[in-house]
Amino acid sequence: MSGQDEHLIRKKSMDKYIEDLNEEQLEAVTITEGYVRVIAGAGSGKTRALTSRYVYLVNELGISTANILCVTFTNKAANEMKNRIRTLIGDQDTGYISTFHGFCVQVLREDIHTMNYPENFMLLDSDDMDTLLKKVYEDAHIKSSKYVFSMAKDMIGNRKDNLSHIPYLLDIDNTRLKQMYKNASTVEDKIFYGFLYEQKKCFALDYDDLITFVIHIFRNHEEKKIKWQKRMEYVMVDEFQDIDHNQYEIAETLSGIHKNLFIVGDPDQTIYTWRGAKVAFILDFLLRHPEGTDIIMDKNYRSASDIIYASNSLIEKNKKRVPKQLVPQREKIKPVVYHHAKNTGLEAAWIVEQIQKIIESGKKYEDITILYRAHYVSRSVEEALLRSKIPYTIYSGIEFYKRREIKDILSYLRMLVYKDDMSFLRIANVPSRNIGKKRMELITDYANEHECSLYDALLANMEDELIKKSDASEFVELIEKYSENYEKYKLIDLINEVLVDSGYEKYLRLGGEEERLANMAEFKQSIYEYEKNAGEETNLVEYLQSISLFTNMDAEEKKQSVKLMTVHNAKGLEFPYVFVCGMNEGIFPSQHTDTLDKLEEERRLAYVAFTRAQNVLFISEAEGVNFDGLLRYPSRFIFNTDDAFLEYTVELEDEIVEAANRYISASENKVNALVDNMFVPGDRIRHKVFGEGTILEIDAQTTSFVIKFDRLETTRNINMRVKIEKI
């Protein structure tokens, strides 16, 4: 086939792609200049519009892929988009299609030298952070039971958010950082500065650093900022409702010269504010860019009509949104089914009964998904599925790249490039080389005393009698052999040789580790596919940096099984039959819903759950007692949904409805009291009986002020309904 024939085929394919777009999608594709906001409702074909727009820019306008940035929310979405675009443009080079973090890796590969970091910086994942924290805790004598790693990582992330940590990491000889670490007076400071010290030793970056380092470069190196602004002629950002303030700054900065910023998202699906997402960025976009274009994609192609009508009636109760009504493009199949059970066991039994009916009608287990607000809700459902011998998969298992054998293999590869302490600790004695506790203590003590890496400490002590009695020399020979020339190998060949020479593959085989061997084979396959997609330019450093960005839930998906997952995990997915269980007050919405913003987010989460369903949606809840001892009532989100689109399997008893309404009213009164509250901690106030005092804190759970009155020795909790005045 000639090159001209191939071009005509691609052109015909592209024309067909444009022809099949609806009016709003076509507008989103063809308005290429300026600031554009697309409000894309659930199931409205936003991915198709985004992909078509990219292809339109390349094929119709002639824009180079090297001048287009397309940011997606997950690596999976980015890879799917790349594959679609490659098919349509007939080019393996798809430029910059990635997550924000993935794009930042590419920026740092070019410009991290401005911060005195090497191009082959190390990228830490969550497990790596745990390893560093373990070392910090041991050195600082901090008990992990008192301050768990998850708390430490949250604290570190929060502190890094405003970039205040960067001056310490820029200190070439770590003098300031070392001083801050040694002089830290609080546990938080010890952990924070100790973590910075350890990560700087191996020039490592965590996920937060990828974003903050790029922002630092853009703020402080004008020529670098302008270089990237000129390069990115068109910037497109998917899932804009989920970006945080740092990601927003990057998007706005990059579009600063060409002023072509295209954003797409749905404020009604903002469910990650706890992770820093700010719905205001998409809501207020046109206030910041009044010259911009607004497009609303409201045609839903995913769900049967009653699912959409029910979802519309639920989400319209929210205030902070762009008003829209999804318009279903599919006919009615069945009303949304709502079931009230007397206890959770009977609720689970009802779910199993419905699943069996679906299977008997000729459908498959893999067509069915059960969603819930939190994992603990699944217990009774799991028990019922087990009793009925219905196969199921819970999507909360160990991520593929976090499995022991995969982490081991990656650690071997990282040792070749970085010779870092984390990888050393993980695989120096795997398989066993007789480098046990005593020998590791000798190495660690030497490293601490001489402020060097553990690997360098091992090299310095190779003639020590204790070390000579081990097989450490074999480990050193392996690392030295491949670290000197790893760049000459194809990745798959390098991995195969290292696995053999290290004895690791034999170690798994002798142990009869069939599942782990299968995972290793899957890993090799992933390497093969990575090299195939990346082309000849790929190398080990780029691979190690890119692999740390993967956050796939689980590489293995059991076919022929019912899926169980939280609503958060289901975001962006769709399923023929969806069950949303545990729709009770205190569960969904969560018992921690104590502000109007939190309540609206919970309602958005329920909306996301409802709109995952393609054919039939089932909602269920049960009477009983929550873990906090409070009685269970049907969720307000059931009452928020128009009865016209719900099929009640049983009629709710009047006393249940009345009790639920009393509970919901009391809960909403608390929220409204907090909304109406004009006071903040520190305010001076006057009480009609206790006199003057100071507000110390606001207790959202009890909707009261904690006040220290001047003439009382102890504090008082004063209900917000009682009138107090500011002085």
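Small disclaimer: the values here were computed from a predicted structure and weren't measured. Only this structure's heavy atoms are used, side chains among them; waters, hydrogens and symmetry mates stay out.
- Residues D209 and Q199 are in side-chain contact: their nearest non-hydrogen atoms beyond the backbone lie under 4.5 Å apart.
- Using bins of under 30°, 30° to 60° and over 60° for the plane-to-plane angle, the ring pair Y455/F424 lands in the perpendicular bin.
- Annotation: E110, atom CD; neighbour count of heavy atoms from other residues, nucleotides and ligands within 6.0 Å is above 12.
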Chi angles and distances behind the side-chain hydrogen bond (donor to acceptor under 3.5 Å, both in side chains) call for N75, H101: CA-CA 10 Å; N75 289 292; H101 292 91; over 6 Å; no
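- Under 4.0 Å is where a charged nitrogen must lie from a carboxylate oxygen, and between R426 and D127 no such pair does.
- For the side-chain contact (heavy atoms from CB on, under 4.5 Å) test, residues two or more places apart in sequence or in another chain that qualify with D208 are K160, D206.
- Ion pairing between D284 and R37 fails under the 4.0 Å rule for side-chain N and carboxylate O.
- Using a cutoff of 4.0 Å between basic side-chain nitrogens and carboxylate oxygens, R604 and E601 are scored as salt-bridged.
- Taking the centre and axis of the six-membered ring of F192, the NZ or CZ atom of R159 falls inside the cone set by 45° and 6.0 Å.
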Verdict with reasoning, L61 to Y234, per side-chain contact (heavy atoms from CB on, under 4.5 Å): CA-CA 12 Å; L61 273 63; Y234 294 87; 4.1 Å; yes
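- Between H221 and H216, the ring planes are perpendicular. Angles over 60° get that label, and only those under 30° would be called parallel.
- Here Y147 and Y137 keep their ring centres 6.0 angstrom or further from each other.
- With sequence neighbours excluded, the residues that form a side-chain contact (heavy atoms from CB on, under 4.5 Å) with H450 are Y446, C452.
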